[in-house]
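Here the structure comes first, spelled out in structure tokens, and everything after it is commentary.
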Amino acid sequence: MSVALLWVVSPCDVSNGTSFMESVREGNRFFDSSRHRNLVSNERINRGGGKQTSNGRKFSVRSAILATPSGERTMTSEQMVYDVVLRQAALVKRQLRSTNELEVKSDIPIPGNLGLLSEAYDRCGEVCAEYAKTFNLGTMLMTPERRRAIWAIYVWCRRTDELVDGPNASYITPAALDRWENRLEDVFNGRPFDMLDGALSDTVSNFPVDIQPFRDMIEGMRMDLRKSRYKNFDELYLYCYYVAGTVGLMSVPIMGIAPESKATTESVYNAALALGIANQLTNILRDVGEDARRGGVYLPQDELAQAGLSDEDIFAGRVTDKWRIFMKKQIHRARKFFDEAEKGVTELSSASRFPVWASLVLYRKILDEIEANDYNNFTKRAYVSKSKKLTALPIAYAKSLVPPTKTVSLQR
């Protein structure tokens, strides 16, 4: 199941084939690709249990938003996720409103004295340039500090996704993901393992980025290991938050909110969440046939039943009137999330708007392509052609020039 790796990444830029880590050029003295391919078995992350953070708080291995004292959920997924949104917004509200210039450390050695921090960021930039071309283009308009930070987050998200969706996915276990989460906590505590970790560690020390969305993304990877059916949209929404909505929450502190924006910090975070949800729903609708061939159905089971459809219909790949009606409703829902996302993009700092608008405009066009294929997402992969991309990007750029609203808006 492919995930929306970053809320600013173009849909056609994410490779579903060869692991990007396998393309690391030979002889790079900062990174051993063979070591990364076995990172989940390395002694450095072969630990269990929670860890004490630099501020004294103890993080458990599992995500916090699913569990209640009784072990049962008492709220809908949307309510639980919005509670996370509120907490994230509260952490950065003062910093984003009061800080225009960010102090960035320099010449910090990567573990093992293998190089300097700037070279670690450069490597992250190389990965983005190779595997997220449109996204990388959009970041060129950002300030150097924000651009490098977004690169570091993109690379971490991609590495995390490849644990369960890459060439070595069959070897990944829940325990391996626990070790990866322990390694994440080391990153946030200033103890990076390799050069790419070093870039992220520096990023989270310079920007008001919280660990919870990162931990929740790892929880989404755990879900991918154990679950390939979702009873209803409430369950699917939570999955979409874990694997894609989290990226919006990671990115807002880097993107920054425009100083002149009158929108609430919470509302901008909620819009970022909505874009992640919209992107992942679009991925799901685009990849129905591909997922079915791997035995997965990432569609609400109750809604399939209401439409007179079943898993067997999906595995058979039949485009019927029932399927078209069902798909129209799913596409309508995804577009509603895109609509919600649009309300917040304008409130971002001016230099950060273009890559986000590009993501939104291009991902939304995938839904148009599904319709153009007569809802055949079993054997036809919907994609945005290069010519349509070139037409859409100037539109995205024009939208990025629109200043924030002058009145308080986006209240939930």
Donor-acceptor under 3.5 Å ([X] side chain, [Y] main chain):
X      : Y      : value
Arg333 : Lys328 : no
Ser228 : Gly296 : no
Asn189 : Glu185 : yes
Ser267 : Ala263 : no
Ser352 : Met255 : yes
Glu303 : Pro300 : no
Thr203 : Ala199 : yes

Nearest 0.5 Å, what's the [atom1]-[atom2] distance between [X] and [Y]?
X      : Y      : atom1 : atom2 : answer
Leu348 : Ile257 : CG    : CD1   : 7.5 Å
Ile277 : Asn270 : CD1   : CG    : 10.0 Å
Ser400 : Leu393 : OG    : CG    : 10.5 Å
Tyr237 : Phe337 : OH    : CZ    : 5.5 Å
Glu78  : Leu273 : CD    : CG    : 8.5 Å
Ser201 : Leu184 : OG    : CG    : 10.0 Å

| task | Show the numbers, then the answer: is there a ring pair (Phe, Tyr, Trp, His ring centres under 6.0 Å) between Phe214 and Trp156? | result | CA-CA 9 Å; Phe214 294 82; Trp156 184 87; 5.1 Å; yes
| query | Tyr230 ring centre to Lys227 NZ or CZ under 6.0 Å, with the angle to the axis within 45°? | reply |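 Geometry flag: set, cation within 6.0 Å and 45°.
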| Checking Arg324 against Tyr375: charged group under 6.0 Å from the ring centre and within 45 degrees of the axis? |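 Pair Arg324/Tyr375 does not count as cation-pi.
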[X] and [Y]: side-chain donor and acceptor closer than 3.5 Å?
X      : Y      : answer
Asn283 : Tyr298 : no
Glu235 : Gln301 : no
Gln212 : Asp216 : yes
Asp202 : Asn206 : yes
Glu290 : Asn377 : no

How far apart are the closest heavy atoms of [X] and [Y], and which atoms are they?
X      : Y      : answer
Ile370 : Met327 : CG2-CE, 4.0 Å
Thr139 : Trp151 : OG1-NE1, 3.4 Å
Ser261 : Pro404 : CA-CB, 3.9 Å
Leu117 : Gly198 : CD1-O, 3.8 Å
Ala152 : Tyr121 : CB-CE2, 4.1 Å
Arg146 : Pro253 : NH1-O, 4.1 Å

Are [X] and [Y] close enough that some pair of their side-chain heavy atoms sits under 4.5 Å apart?
X      : Y      : answer
Tyr241 : Gln280 : no
Phe193 : Asp186 : no
Asp161 : Cys157 : no
Met223 : Tyr242 : yes
Pro192 : Leu200 : no
Val297 : Phe315 : yes
Asp374 : Lys380 : no
Ile314 : Trp323 : yes

| Is it true that Tyr154 and Tyr131 have ring centroids separated by less than 6.0 Å? |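 They do not qualify: ring centres at least 6.0 Å apart.
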| request: For Leu177 and Leu225, run side-chain contact (heavy atoms from CB on, under 4.5 Å): C-alpha distance rounded to whole Å, both residues' side-chain angles, the deciding distance at 0.1 Å, then the answer. | output: CA-CA 10 Å; Leu177 292 175; Leu225 291 183; 3.6 Å; yes
Pairing of [X] and [Y] as salt bridge, 4.0 angstrom limit:
X      : Y      : result
Asp339 : Arg364 : yes
Arg222 : Asp178 : yes
Asp194 : Arg183 : yes
Glu162 : Arg159 : no
Lys343 : Glu340 : yes
Arg229 : Asp311 : yes
Arg294 : Asp165 : yes
Asp287 : Arg381 : yes
Arg335 : Glu371 : yes
Glu342 : Lys399 : no

| request: Show the numbers, then the answer: is there a side-chain contact (heavy atoms from CB on, under 4.5 Å) between Ile284 and Leu236? | output: CA-CA 10 Å; Ile284 288 169; Leu236 185 62; 3.8 Å; yes
| field | Criterion side-chain contact (heavy atoms from CB on, under 4.5 Å) on Lys336 and His332, from CA distance to verdict | value | CA-CA 6 Å; Lys336 294 283 283 185; His332 176 73; 4.0 Å; yes
| Verdict with supporting geometry, Lys231 and Asp302, side-chain contact (heavy atoms from CB on, under 4.5 Å) | CA-CA 6 Å; Lys231 293 188 298 184; Asp302 61 343; over 6 Å; no
